Amino acid sequence: MQRFRAAFIVLVVVALMACGEDESSAESLDFDERAMAEPAMAMAAESEAIVVKEVPVEVEVIREVPVEVVVEKMVTAAPAPAAMPASAAPQSLDSAPQSVDTGVVERQIIRTGTLSVVVAELSAAVTQVEDIVAGISGAFVAASNIQQDDPRRVSTITVRVPVETFDATLAALRNVGAEVIDEDIRSQDVTAQYTDLTARLRNATAAEQQLLDILTRAQNVQDTIEVQRELTDVRERIEVLQGQLNVLTNQTSLATIVLRLHPAADLIVMREIPSHFRMHDSTSLSLSVWNEGTVDLKQVEVVDRLDPGMIFLAASDGGVYSAAAHTVSWTIDRLGPGDARFLSSDVRLESEALEMQARAEVSTSSPEGDGANNRAEAALTFHVDLSIFKDGPAAVPVGRDVAYTLEYRNSGNTDARNVRLEERLSEGMQFVRADGGGRFDDARNAIVWEFPRIAPGLADIVTYVARVEADSGRLQTDTSIKSDEPDRADVDNTSTTFLTVLPEDVADRDVWNPGSTARESVDRLGRFAQWAADAGLTIAIIGGPMLVVVAILVAAVRAVGRRRSA
């Protein structure tokens with residue numbers, strides 16, 4: 001019995017030899033069978049399923065026939081695999097190409113293309129692509145990923161077109177953008193994989209037909225089950241091969257084009273105002289240029305137009321100065337996505353104006369989106385800040401000369417022109433002399449100094465002497481300073497001081513000097529109060545215990561006196 005069963009198995013193996021293939025040669029092919037298995041199974045599931053009729057395990061009557069006879073009959077009735085006609089394939093697999101039977105296979109090429117273009121307006125470009133696809137028979141949009149209108153985002157559209165229209169479609173899609181920045185076209189020859197799959201499918205189909213013939217000649221349940229098991233494996237193999245062949249056919253008949261839509265990059269220029277600048281000094285004018293986009297910007301031109309009051313000294317990064325146009329220019333060959341360049345020029349400020357402006361402009365030969373960011377200005381504002389401080393005695397005996405020192409300063413960042421410093425004397429004071437170009441205005445009873453210009457940061461002093469002729473009292477003097485330009489903070493442009501006139505008989509005595517200004521007077525009063533508080537505290541510390549002792553003694557004396565009287 002074992003010998004006959006082995007003979008049956010040999011028969012099945014002989015039937016399967018028709019669909020055998022060299023696995024080592026299949027592995028050397030470029031076509032990835034495992035990657036195509038899943039889509040092939042999915043496509044095969046949509047086709048007509050092959051129903052295998054179940055043979056009941058239990059039968060009413062089975063006539064016992066020697067196994068040797070059954071095997072002999074099956075071997076004799078089974079046709080040789082080589083004699084299997086090609087037309088024996090089942091009609092459910094008629095999708096397999098029939099041309100392979102002749103041995104001549106048309107060359108199979110997979111064509112793919114990737115095209116990157118710059119578009120001025122994203123929505124208009126997407127509409128144009130859809131119109132192009134709609135005008136090609138058999139073409140369709142396989143996938144799309146449209147981003148919002150942002151220069152930092154790239155939209156993608158995947159198009160499938162008949163392979164014969166591949167070149168024409170590419171040419172039409174190039175015109176969608178204002179500039180083609182990248183193009184990658186590839187062709188993959190899969191004729192060998194296609195031929196191999198077709199041959200393997202033909203052989204598997206022939207093996208299936210042989211097993212079906214053997215199944216019709218089975219004489220018992222065990223033989224039927226064995227053949228059905230082998231038949232199921234062959235049919236699964238056919239489904240996988242058919243799915244792989246369908247995928248390959250789809251790839252060769254329809255070309256794939258991936259279109260990347262890059263919004264036009266946004267070229268931006270910004271300026272920085274110097275934190276500290278002053279007239280007649282040098283300063284640095286800085287600006288930054290950057291590419292806010294996903295594509296390169298080529299031939300970026302930066303032009304910085306200087307104010308007439310700015311004298312050019314030097315420029316960074318090879319900047320070129322044009323004396324005729326009074327501009328500094330830079331050329332950047334390529335500015336990549338997200339890249340930034342920081343440029344600067346050194347100038348000396350020489351002007352009588354209270355404001356200077358430097359205007360920067362940028363341009364590029366590449367398509368650009370928003371041009372509103374292509375200009376930037378830096379306004380340098382100048383101001384005058386004059387101040388006056390007076391120093392001198394606060395009290396003087398009658399008939400004596402008094403000398404004062406006036407310190408003036410320009411804390412602003414530009415010249416103070418036509419400055420007038422005036423010291424108005426009080427009645428009872430007579431002008432004696434003044435230095436620094438001061439003159440006495442008898443009509444205003446004032447000493448006047450005039451300066452054509454006080455440079456920013458300049459500080460100087462002048463002095464004058466006046467004689468006190470009043471008998472007694474307090475004399476008031478008013479000091480002021482101003483120029484043609486408005487002062488940023490004029491609170492310190494005036495000063496009022498008081499002079500106490502002492503009688504002649506107390507001239508040599510030490511007197512309390514209240515100070516020449518209110519602040520000095522407050523400081524001196526504070527110091528006097530502090531001294532008084534310290535003195536009181538010292539007296540309390542030393543005299544307090546003594547007073548307690550005296551009080552105790554007085555109380556004791558009074559107590560003794562009352563006792564004696566009693």
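Being a predicted model, the structure only gives us computed values, none of them experimental.
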Find out whether Glu361 and Val302 are in side-chain contact, i.e. whether some heavy atom of one side chain is under 4.5 Å from a heavy atom of the other.
no
Is Glu352 atom CD crowded by more than 12 heavy atoms from other residues, nucleotides or ligands, each under 6.0 Å away?
no
Quick one, Ser480 and Asn493 - any side-chain contact, counting heavy atoms below 4.5 Å?
no
I'd like to know if the side chain of Arg186 pairs up with that of Gln188 as donor and acceptor (distance under 3.5 Å, no hydrogens or angles considered).
no
Could you check whether any side-chain heavy atom of Val384 comes within less than 4.5 Å of a side-chain heavy atom of Thr414, counting everything from C-beta outward?
yes
Side chain Ser286, main chain Ser344, donor-acceptor under 3.5 Å:
no
State which residues pass salt bridge (charged side-chain N to carboxylate O under 4.0 Å, His left out) with Asp296; sequence neighbours excluded, sorted by chain then number.
Arg334
Using the salt bridge (Lys or Arg N to Asp or Glu O under 4.0 Å) rule, collect all pairs that involve residues 160-178, keeping only residues at least two apart or in two chains.
Arg111-Asp167, Arg174-Glu183
Can a donor-acceptor pair be found, under 3.5 Å and without considering hydrogens, that links the side chain of Thr479 to the backbone of Glu423?
no
Side chain to side chain, Ile146 and Ile157, heavy atoms closer than 4.5 Å:
yes
Sequence neighbours excluded, which residues qualify as side-chain hydrogen bond (donor to acceptor under 3.5 Å, both in side chains) partners of Asn418?
Asp484
Atom pairs and distances, donor-acceptor, side-chain atoms in residues 112-140, under 3.5 Å, two or more places apart:
unit_1: Glu121; atom_1: OE2; unit_2: Ser123; atom_2: OG; d: 3.4
unit_1: Thr127; atom_1: OG1; unit_2: Ser123; atom_2: O; d: 3.1

Taking all non-hydrogen atoms of both residues into account, name the closest pair between Met356 and Ser351 and its distance.
CE-CB, 3.0 Å
Counting N and O atoms only, with roles assigned by atom type, does the side chain of Thr169 sit under 3.5 Å from a partner on the main chain of Thr165, one being a donor and the other an acceptor?
yes
Using modelled atom types only, decide if a donor and an acceptor are shared between the side chain of Asn410 and the backbone of Gly457 within a distance under 3.5 Å.
no
Has the side chain of Asn250 got a donor or acceptor atom that lies under 3.5 Å from a matching backbone atom of Leu254?
no
Without swapping roles, check the side chain of Thr463 against the backbone of Thr405 for a donor-acceptor pair under 3.5 Å.
no
Are there more than 12 heavy atoms of other residues, nucleotides or ligands under 6.0 Å from atom CD of Gln299?
yes
Tell me, which pairs form a ring-ring contact (aromatic ring centres under 6.0 Å, His included) where one or both residues lie in residues 309-351, sequence neighbours left out?
Phe312-Tyr321, Tyr321-His326
Scanning both residues in full, the closest heavy-atom pair of Asp435 with Trp449 reads O-NE1, 2.7 Å
Under a 3.5 Å distance rule, please check whether Asn291 uses its side chain to pair with a backbone N or O of Leu335 as donor and acceptor.
yes
Side chains of Asn373 and Glu292: donor-acceptor distance under 3.5 Å anywhere?
no
Hey, are the side chains of Ile461 and Tyr408 touching, using non-hydrogen atoms and a 4.5 Å cut-off?
no
Could you pull out all residues at least two apart from Phe382 that satisfy ring-ring contact (aromatic ring centres under 6.0 Å, His included)?
Phe277
Would you call Glu179 and His262 a side-chain contact if the rule is heavy atoms closer than 4.5 Å?
no
Student check: side-chain heavy atoms of Asp304 and Thr327 closer than 4.5 Å:
no
With a 6.0 Å cut-off (strictly less than), is the heavy-atom count around CZ of Arg271, excluding the residue itself, greater than 12?
yes
Counting only N and O atoms by type, is there a donor-acceptor contact under 3.5 Å from the side chain of Thr158 to the main-chain atoms of Ala142?
no
Does some side-chain heavy atom of Leu380 sit less than 4.5 Å from a side-chain heavy atom of Leu349?
yes
Do Thr497 and Lys390 get their side chains close enough for a donor-acceptor pair, meaning under 3.5 Å?
yes
